[in-house]
Amino acid sequence: MKLKAPRGTVDILPEQARKWQFVEEQIKNVCNRFHFEEIRTPLFEHTEVFQRGVGDSTDIVQKEMYTFDDRGGRSLTLRPEGTASVVRAFVENKLFGNPNQPVKLYYFAQMFRYERPQKGRMRQLNQFGVEVMGSADPAVDAEVIDLAMTIYKKLGLKSLKLVINSLGDNESRASHRQALVDHFTPVKDELCHDCQTRLTQNPLRILDCKTDKDHPAMKTAPSILDYLNEASKAYFDQVQDYLTMMDIDYVVDKNLVRGLDYYNHTAFEIMSEAEGFGAITTLTGGGRYNGLAEELGGPDTPGIGFGMGLERLIMALEAENVEMPIDRQLDCYLVAVGEDASKEAVRLVHELRMNGIQIDKDYQERKMKGQFKAADRLNAKYVLILGEDELEKQVVNVKEMATGEQAEIPITSLMENMQEKLLGGNEHA
RNA sequence: GCGGUCGUGGCGAAGUGGUUAACGCACCGGAUUGUGGCUCCGGCAUACGUGGGUUCGAUCCCCACCGGUCGCCCCA
């Protein structure tokens with residue numbers, strides 16, 4: 001085989017696409033209930049949007065972006081995540097001036113990250129995400145988390161774990177950062193190479209390092225929760241209170257650190273605990289990013305959001321054997337026999353479709369028996385038979401496949417007859 | 001970027017250092033002059049990832065590469 005999809009990309013074929021349609025439909029339904037509105041932003045942005053938004057020190061920006069120069073010499077990047085783009089759009093389009101605050105947005109979008117693919121990790125991935133801009137109410141944090149959990153619940157996932165943490169405001173983060181540096185600097189030489197870099201770049205990230213997780217200094221490392229100032233602590237407490245009020249189970253993990261620079265205050269992850277799900281368990285990651293809008297040139301605007309991996313969501317649904325209504329069926333299949341009837345079939349199928357009937361026909365010059373096999377394979381409810389005899393009499397034999405019952409219907413009343421059978425007789429295209 | 005493992009027809013899956021590479025599924029046709037799901041019969045396909053090497057000869061042995069897959073790092 002010569003041409004293949006690029007590494008880390010997949011084709012979603014019809015059978016699988018039905019699952020996607022189902023999942024997307026359910027999610028949109030929940031979004032509507034929560035009164036979120038869709039936003040669509042470009043697939044690529046100026047590279048600077050992500051450098052400034054996501055942060056230069058992050059793995060994403062340092063080694064995972066698909067960046068290229070266009071013919072005009074501009075550096076562009078295929079979006080590796082959704083938040084920076086949405087906030088850029090929020091700022092550029094002055095949505096902060098919209099009287100309806102906060103602005104509650106959702107999106108479905110492909111993301112691109114240059115990584116080694118494995119189970120649950122693709123170079124092109126699909127995310128559903130939400131962003132709420134313009135409110136610093138901890139109830140919004142809870143609402144966003146509730147939205148994600150509601151989606152999973154509606155879809156039928158059970159083995160989930162919600163983990164939350166607070167990264168605090170700038171003042172809290174700064175004092176915690178200094179504490180981390182003071183704590184780890186004496187043992188710097190004992191840490192892994194990455195962590196030695198992190199010590200100066202982003203000491204917070206040392207906390208979720210897998211390599212050094214057993215180092216004695218890890219256990220005694222200063223926790224962000226001990227460095228939250230009063231306002232940050234009060235904020236985090238309120239978020240938890242709201243979650244409790246909504247009966248949303250969660251655990252606080254003081255080592256939960258998100259990989260992107262823009263987060264502060266609430267950070268959360270939702271993981272699957274289903275058997276056989278693979279090594280990668282994070283389904284959703286999100287958090288608050290007050291200050292990001294300002295970083296991207298807009299007014300200081302609070303925001304919070306999350307990204308939900310749809311490949312992983314569908315994997316989780318499959319791992320938990322959740323039933324998805326994806327059985328394909330066909331209302332009618334037209335079986336035509338003979339040259340004249342085959343020609344007439346084209347017109348008849350067109351006319352039925354114009355009148356709201358779902359119908360297909362043979363295009364492979366199959367024999368009658370073959371056409372019936374095709375109809376059966378396609379799960380057709382009715383087969384309309386048009387042969388020389390029927391054509392002569394200007395009728396069509398309509399066979400109900402489930403019962404085998406068959407009746408002769410004049411072509412002149414066929415439309416009405418089928419509409420009655422399939423649409424209840426009162427719906428029209 | 002690193003490591004394990006794998007790479008035979010549309011799919012699944014045997015197999016051998018040597019003239020025709022099993023079989024199953026699927027598909028098409030026939031048995032049933034115009035009617036599906038069962039059965040029987042027949043048909044079907046440019047299949048051994050790519051490039052080198054060893055050999056009289058390689059799908060099978062060796063090497064490299066590519067790709068899939070799983071894991072590490074990190075994340076969705």
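Lettering of chains follows the sequences in order, A, B, ..., and the numbering in each one begins at 1.
Below the 3.5 angstrom threshold, one finds no donor paired with an acceptor across the side chain of A/Gln110 and the base of B/A76. Counting distance only, with no hydrogens placed and no angle test, the side-chain atoms of A/Arg312 and the base atoms of B/C75 include a donor-acceptor pair under 3.5 Å. With hydrogens and angles ignored, a donor-acceptor pair under 3.5 angstrom links the side chain of A/Arg121 to the base of B/C74. Judged by distance alone, with hydrogens and angles left aside, A/Gln371 brings no side-chain donor or acceptor close enough to the base of B/U35 to form a pair under 3.5 Å. With hydrogens and angles left out, the side chain of A/Glu390 and the base of B/G34 share a donor-acceptor pair within 3.5 Å.
Both A/Gly370 and A/Lys373 lie close to RNA chain B; mapped to their nearest nucleotides by heavy-atom distance, the more 5′-ward contact belongs to A/Gly370. Positionally, the nearest nucleotide of RNA chain B for A/Val337 lies more toward the 5' end than for the other of A/Val337 and A/Glu311.
Between A/Met122 atom CE and B/C75 atom C1' there is a gap of 13 Å when expressed in whole angstrom units. We find that CG of A/Leu13 is positioned 12 Å from P of B/C11, with the value rounded to whole Å. Atoms CD (A/Glu115) and C1' (B/C70) sit 16 Å apart, rounded to a whole Å. Across the protein-nucleic acid pair, A/Leu283 atom CG and B/A76 atom P stand 11 Å apart, rounded to whole Å. At whole-Å resolution of the value, CG in A/Leu378 and C1' in B/G36 are 11 Å apart.
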Once pairs are restricted to Watson-Crick or G-U wobble with both distances under 3.5 Å, how does RNA chain B read as a dot-bracket string, [ ] for crossings and | for other-strand pairs?
(((((((..(((.....[....))).(((((.......))))).....(((((..]....))))))))))))....

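Taking the side chain of A/Lys399 as heavy atoms from C-beta on, and the options B/U35, B/C28, B/G71, the nearest nucleotide is B/U35.
Within 4.0 Å of A/Gly8, counting heavy atoms only, lie sugar-phosphate atoms of the nucleic acid but no base atom. Looking at heavy-atom distances under 4.0 Å, A/Gly129 makes no contact with the nucleic acid at all. In this structure, A/Arg366 reaches the sugar-phosphate backbone alone: every heavy-atom distance under 4.0 Å involves primed, P, OP1 or OP2 atoms, never a base. In this structure, A/Ala279 reaches the sugar-phosphate backbone alone: every heavy-atom distance under 4.0 Å involves primed, P, OP1 or OP2 atoms, never a base. Within the nucleic acid shown, A/Asp389 comes within 4.0 Å of at least one base atom, counting heavy atoms only. Among the heavy atoms of the strands lying under 4.0 Å from A/Arg116 is at least one base atom, whether or not backbone atoms are also near. Using a 4.0 Å heavy-atom distance criterion, A/Lys119 is classed as a sugar-phosphate-only contact.
Between A/Arg377 and B/G37 there is no side-chain N or O to OP1 or OP2 distance below 4.0 Å. Put simply, A/Gln118 has no side-chain N or O that comes within less than 4.0 Å of OP1 or OP2 on B/C70.
One finds the CD1 atom of A/Ile206 at 12.0 Å from the CG atom of A/Asn255 (value rounded to the nearest 0.5 Å). Rounding to the nearest 0.5 Å places NZ of A/Lys63 at 10.5 Å from OG1 of A/Thr58.
For the pair A/Arg123 and A/Tyr114, the distance from NZ or CZ to the six-membered ring centre is under 6.0 Å and the angle to the ring normal is within 45 degrees.
One finds no salt bridge joining A/Lys28 and A/Glu24 here, because no Lys/Arg side-chain nitrogen approaches an Asp/Glu carboxylate oxygen to under 4.0 Å.
Ring geometry for A/Tyr289 against A/Tyr262 counts as perpendicular: the plane angle is over 60°, on a 0 to 90° scale with 30° as the lower cut.
Inspection of the A/Gln178 and A/Asp182 side chains reveals an N or O donor paired with an N or O acceptor under 3.5 Å. Inspection of the A/Arg177 and A/Tyr227 side chains reveals no N or O donor paired with an N or O acceptor under 3.5 Å.
Judged by distance alone, with hydrogens and angles left aside, the side-chain atoms of A/Gln419 form a donor-acceptor pair with the main-chain N or O of A/Asn355 at under 3.5 Å.
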